Amino acid sequence: MTATTAAADASTNQTKSMDDIMALCKRRGFIFQASEIYGGINGFWDYGPLGAQLKKNLRDAWWQDCVMKGAGGQLGPNGKPVSIVPVDSCIIQNPKVWEASGHVGGFNDPMVDCRESKRRYRADHVRVMFSGASGTDPQRMFAFIEGDDDSRNQALKKMQKYLKDGYEPHNVGYSDLMSFDWSAFAERIVGPDVATPGTLTPPRAFNLMFPTVIGATGDIEDDKAYLRPETAQGIFINFKNVVDSTRVALPFGIAQTGKAFRNEVTPRNFTFRSREFEQMEIEFFCHPSETKDWYDFWKKWRMQWWESIGLGGDNLILREHDADELAHYAKEGAGTSDIEYRFPFTAPGYGELEGIADRTDFDLKQHKEHSGAKLEYFDTTRGELAKNGQPKGERYLPHVIEPSAGLDRGVLAILCESYTKDDSRPSPEIMKFHPRIAPIKAAVFPLVNKDGMPEMATKLTLELRQRFGHLGFIESDAKQSIGKRYARMDEAGCPFCFTIDGESLTDQTVTMRDRDTGAQERMAMDKVGDFLAGKLGVDSSSSLG
RNA sequence: GCGGGCGUAGCUCAAUGGUAGAGCGUCAGCCUUCCAAGCUGAAUGUUGUCGGUUCGAGUCCGAUCGCCCGCUCCA
């Protein structure tokens with residue numbers, strides 16, 4: 001971490017304008033609205049040239065640090081190197097996967113809307129009360145939210161007022177909203193927050209999964225499948241395959257990155273809530289007794305990782321979930337935490353960047369029951385000792401700690417964090433990307449477009465591309481004034497510009513211009529590569545520190 | 001999904017119901033020895049889309065799409 005990151009400017013995030021950031025993203029080719037020439041499509045975004053490379057750099061950093069190095073190359077709480085292996089599973093799976101995971105059931109909650117109060121309720125949480133001798137047909141029913149005493153008392157008052165003397169406290173009946181023939185009773189039901197009947201819409205299922213059809217002649221009923229709403233299940237259903245083929249031993253993790261799809265009710269806030277998005281997930285499997293240790297380990301390290309790529313300061317927090325917001329799979333576990341970032345549109349609040357959850361053995365247990373496959377792990381290091389002194393082994397379903405990060409949200413956070421406005425500079429808008437993440441790694445300019453300078457610039461450009469091209473763009477530009485070229489690189493977030501001037505022609509030196517300070521430093525042209533290698537955090541054969 | 005606001009060039013904005021424009025940016029050429037300099041020239045619009053009213057619609061009406069804000073939703 002160096003002064004070249006934007007951490008120093010973190011406290012200004014509340015004053016950053018999302019409009020300015022979005023305008024820059026479009027102007028410089030980071031992010032475009034999907035299908036823009038057709039009027040756009042709500043909830044989908046395309047990445048332009050710089051955005052695509054920025055996103056790839058973030059994904060690569062995650063892949064290298066989390067997966068290949070194993071949580072950054074440190075020892076886990078068990079005192080051993082952390083073992084993670086990747087998979088790349090399909091977006092479309094057997095629909096039974098989503099039945100087992102709870103998505104088909106959980107995502108299909110019917111909802112009712114109230115046309116008058118403009119509120120929406122989960123239909124299975126709404127009950128109605130009515131009064132009258134048993135067997136009579138109640139002409140009016142009063143809805144309330146189950147478990148909400150205020151709502152219930154409100155409905156009771158409305159019923160008493162309506163019935164007046166006809167109110168019979170001994171003959172109050174209750175029923176679930178879902179049990180009605182809606183067409184017959186809709187006009188008799190008074191919504192929870194209104195006084196007149198007939199304002200509730202019929203219960204409608206809101207399926208957040210994208211349905212699709214398998215087979216060229218398939219029809220939606222018989223051959224229905226879903227685009228995955230999360231990448232996690234692709235890992236769980238391959239758990240046995242990985243264990244059987246890879247010589248991994250618990251504890252270990254399986255990781256993958258990839259697209260997931262959700263029919264969000266309200267896509268909003270730029271790319272923050274999109275209907276198509278990319279996840280970076282690890283499912284870390286361990287013995288049930290070790291979950292707390294690994295949960296704490298991942299929470300700590302994932303925070304450090306986000307800080308290492310340029311997020312940090314007051315804009316990044318780790319927030320432990322309250323008991324009542326835990327997901328169905330996390331009720332019994334050590335807990336769930338969110339790593340949250342203070343986006344300009346959430347400030348002074350925060351928005352989720354990554355969730356770290358103890359999923360217990362929920363998913364493996366579900367898939368074991370639904371598929372009939374034996375998903376227990378046989379752990380030869382546990383169990384009673386046999387006569388020969390070796391453990392007899394223990395068979396169990398591993399528990400899972402899941403660090404699940406949003407790649408698009410990470411990119412968005414980096415864009416917001418990097419965006420800096422400095423009106424004292426001729427080019428006030430600067431994207432202060434961490435050099436490792438920056439899509440353009442360096443630019444080479446001839447100070448003027450003549451006298452042999454362009455040729456030297458081209459030579460240096462090609463050398464740098466040869467060595468660093470796999471990490472990002474190496475730009476070259478000879479057009480217009482040098483100030484304008486620097487300014488363009490500031491907006492694109494290129495951390496270093498190398499300029500060939502008159503002196504370069506005689507002594508083979510160039511000036512390095514730093515994006516964040518504007519300061520210049522002269523260095524030998526043949527040291528530029530090693531300088532960049534040091535700044536980008538890649539191995540260098542030189543002694544440069 | 002509901003309510004409100006908005007929609008003219010890449011961006012910021014003009015144009016009384018009567019020939020769609022400016023600045024910036026972009027591109028080309030010249031000039032230029034370190035921070036969006038200057039000169040010359042060029043490209044760019046089915047005025048979000050579709051329909052209606054009108055002799056005539058960027059302008060009035062309707063629908064639709066998209067964006068923003070507030071609800072709602074976020075397993």
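Since the structure is predicted, the reported quantities are computational estimates derived from the model, not experimental observations. Each chain gets a letter, A, B and so on, in the order the sequences are listed, and its residues count up from 1.
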Distance check, rounded to the nearest 0.5 Å: Tyr47(A) atom OH versus Glu278(A) atom CD? 8.5 Å
Can you measure Gln33(A) atom CD to U49(B) atom P for me and round it to whole angstrom units? 14 Å
Tyr486(A) has a side chain; which of A75(B), U33(B), C35(B) sits nearest to it? C35(B)
Here's a test for you: under side chain to side chain contact (heavy atoms under 4.5 Å, CB included), which of Leu460(A), Thr461(A), Ile440(A) qualifies with Ile474(A)? Thr461(A)
Among residues at least two apart in sequence or on other chains, which ones pass salt bridge (charged side-chain N to carboxylate O under 4.0 Å, His left out) with Asp20(A)? Lys421(A)
Figure out the CG/C1' separation between Asp451(A) and U32(B), and round it to whole Å. 11 Å
Would one find a side-chain N or O of Lys26(A) under 4.0 angstrom from OP1 or OP2 of G10(B)? no
Parallel, tilted or perpendicular: which fits the ring planes of Phe498(A) and Phe531(A), with parallel below 30° and perpendicular above 60°? perpendicular
Length of the line joining Arg27(A):CZ and U12(B):C1', which is rounded to integer Å: 11 Å
For the side chain of Asp501(A), starting at C-beta, report the closest nucleotide among C69(B), U33(B), U32(B). U33(B)
Is there a donor and acceptor pair closer than 3.5 Å between the side chain of Arg513(A) and the base of C35(B)? yes
Checking Lys158(A) now: which residues fulfil side chain to side chain contact (heavy atoms under 4.5 Å, CB included) with it, not counting sequence neighbours? Phe142(A), Val190(A)
What's the closest nucleotide to the side chain of Glu230(A) if the choices are C34(B), A75(B), A36(B)? A75(B)
Once you round it to whole Å, what is the distance between P of U32(B) and CD1 of Ile500(A)? 20 Å
Hey, does Asp490(A) reach any base, or is it just sugar-phosphate, or nothing, if we go heavy atoms under 4.0 Å? nothing
With a 4.0 Å cut-off, would you call Arg488(A) and Asp477(A) a salt bridge? yes
Is the closest basic N to carboxylate O distance between Arg262(A) and Glu276(A) below 4.0 Å? no
For Asp477(A) and U26(B), what is the distance between atoms CG and P respectively, to the nearest whole Å? 10 Å
Sub-3.5 Å pairs of nitrogen or oxygen atoms, protein against nucleotides 37-42 of chain B:
unit_1, atom_1, unit_2, atom_2, d
A37(B), OP2, Ser481(A), OG, 3.0

For nucleotides 27-30 of chain B, tabulate all protein N/O to nucleotide N/O atom pairs closer than 3.5 Å, reporting atom names and distance.
unit_1, atom_1, unit_2, atom_2, d
A28(B), OP1, Lys479(A), NZ, 3.1
G29(B), OP2, Lys479(A), NZ, 3.3

Given A36(B), U33(B), C34(B), the nucleotide with the shortest approach to the side chain of Thr511(A): C34(B)
Scan Glu352(A) against the nucleic acid and name what it touches under 4.0 Å (heavy atoms): base, sugar-phosphate only, or nothing. nothing
Could you check how far CD of Glu491(A) sits from P of C24(B), rounded to whole Å? 17 Å
Donor-acceptor pair under 3.5 Å: do we get one between Glu429(A)'s side chain and the base of A36(B)? no
Which whole-number value in Å describes the distance from Phe270(A) CZ to C69(B) P? 13 Å
Non-neighbouring partners of Arg127(A) that pass salt bridge (charged side-chain N to carboxylate O under 4.0 Å, His left out), sequence neighbours left out: Asp176(A)
With a 4.0 Å cut-off, would you call Glu463(A) and Lys459(A) a salt bridge? yes
With a distance cut-off below 6.0 Å to the six-membered ring centre and an angular limit of 45° from the axis, does Arg409(A) pair with Phe272(A) as a cation-pi contact? yes
Can you tell me how far P in A22(B) sits from the matching atom in G45(B), rounded to whole Å? 14 Å
Taking NZ, NE, NH1 and NH2 as the nitrogens, is one of them in Arg513(A) or Asp490(A) under 4.0 Å from a carboxylate oxygen of the other? yes
Could you give me the CA-CA distance, side-chain angles and deciding distance for Tyr226(A) and Phe210(A), then say whether ring pair (Phe, Tyr, Trp, His ring centres under 6.0 Å) is met? CA-CA 6 Å; Tyr226(A) 297 97; Phe210(A) 278 92; over 10 Å; no
Return the stems involving RNA chain B, sorted by first number, where pairs are Watson-Crick (N1-N3 with N6-O4 or O6-N4) or G-U wobble (N1-O2 and O6-N3), both under 3.5 Å, and runs are 3 or more long. B:1-7 with B:65-71, B:10-13 with B:21-24, B:26-30 with B:38-42, B:48-52 with B:60-64
Protein-nucleotide distance (Phe445(A), atom CZ; A36(B), atom P), rounded to Å: 13 Å
